Amino acid sequence: MKVPIVANILKANDSIAQQNHEALRAKKIFAVNIMSSPGAGKTTLIERTINTLKGELKIGVIEGDIQSTHDSEIIAKTGAQVVQINTGGACHLDANMVSKAIEQLDLSSIDILLIENVGNLVCPSNFWLGEDKKVVLTSVPEGDDKPLKYPSIFLVSDAVIINKIDLLPYMTYDIDKVRQECLRIKPEIKIFQLSSKTGERFDEWIEWLKELRKEKLQG
Ligand code: MG
Ligand code: ZN
């Protein structure tokens with residue numbers, strides 16, 4: 001009986017995700033689901049993205065956390081609209097939680113919605129939230145074995161961001177190995193290597209976001 005129950009949960013999730021997707025499309029919002037293990041730098045990436053695009057594109061943020069409001073307070077300081085989801089212990093966001101969060105946002109003043117998932121490299125890969133693209137972050141201090149150990153999340157992602165490259169001189173981290181492993185899992189995956197802290201090569205990520213948003217609006 002276990003298999004049908006799990007399948008039904010995912011099916012219910014996908015139909016709510018589809019509603020989220022339609023609601024965002026109606027408002028011409030491009031949405032990205034950002035996933036990683038805890039501490040890979042999702043919040044810092046979002047913060048710099050907001051600040052880089054300030055005056056050009058308006059960013060809305062949904063912050064998924066098991067308990068605290070720590071990250072949403074950081075985002076609120078940028079002036080961007082932010083809604084916090086406390087999952088109450090759940091280790092991933094689902095479409096129903098995101099649907100409730102979307103109701104709290106003024107969608108008419110958002111161009112790009114960034115959804116920070118709960119820090120976890122396993123089950124977030126199973127839940128479509130209604131977003132257009134999925135991005136997985138992996139950071140230099142975590143070690144260079146993440147794609148090898150958690151291939152599913154790299155397989156479902158449209159892009160991978162190798163974050164904290166400013167720490168490369170101090171770590172044993174084979175960045176070419178990580179790139180090759182990502183491409184082996186998914187040949188068409190887009191790979192960024194940047195530092196959200198120093199801003200090094202951050203413009204490539206920003207250009208990708210802007211380009212894909214434009215494609216969505218034209219499509
Ligand atoms: Mg965070
Ligand atoms: Zn989970």
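Computed from a predicted structure; not experimentally measured. Start at 1 and go down the list; that is how both ligands and their atoms are numbered.
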Enquirer: To the nearest 10 degrees, how large is the angle at the Mg ion (ligand 1) between Glu116 OE2 and Thr43 OG1?
Expert: 90°
Enquirer: At a threshold of 2.8 Å, where the distance has to be below it, does the Mg ion (ligand 1) have an N, O or S atom of Asp71 nearby?
Expert: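 Checking the Mg ion (ligand 1) against Asp71, an N, O or S atom does fall under 2.8 Å.
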Enquirer: Nearest heavy-atom pair of Phe127 and Asn33: which atoms, and what distance?
Expert: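 The answer is O-ND2, 4.1 Å.
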Enquirer: Regarding Thr44 and Glu47, is there a side-chain donor-to-acceptor distance under 3.5 Å anywhere?
Expert: no
Enquirer: What is the name of the N/O/S atom of His92 that is nearest to the Zn ion (ligand 2)?
Expert: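 In His92, the heteroatom (N, O or S) nearest the Zn ion (ligand 2) is ND1.
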Enquirer: Taking atom types as modelled and ignoring hydrogens, do the side chains of Asp71 and Thr43 form a donor-acceptor contact shorter than 3.5 angstrom?
Expert: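 On atom types as modelled, these side chains qualify, holding a pair under 3.5 Å.
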Enquirer: Test of geometry: compute the angle SG(Cys91)-the Zn ion (ligand 2)-SG(Cys123) and round it to 10°.
Expert: 110°
Enquirer: State, without any angle test, whether Ser99 and Gln19 hold a side-chain donor-acceptor pair at a distance under 3.5 Å.
Expert: no
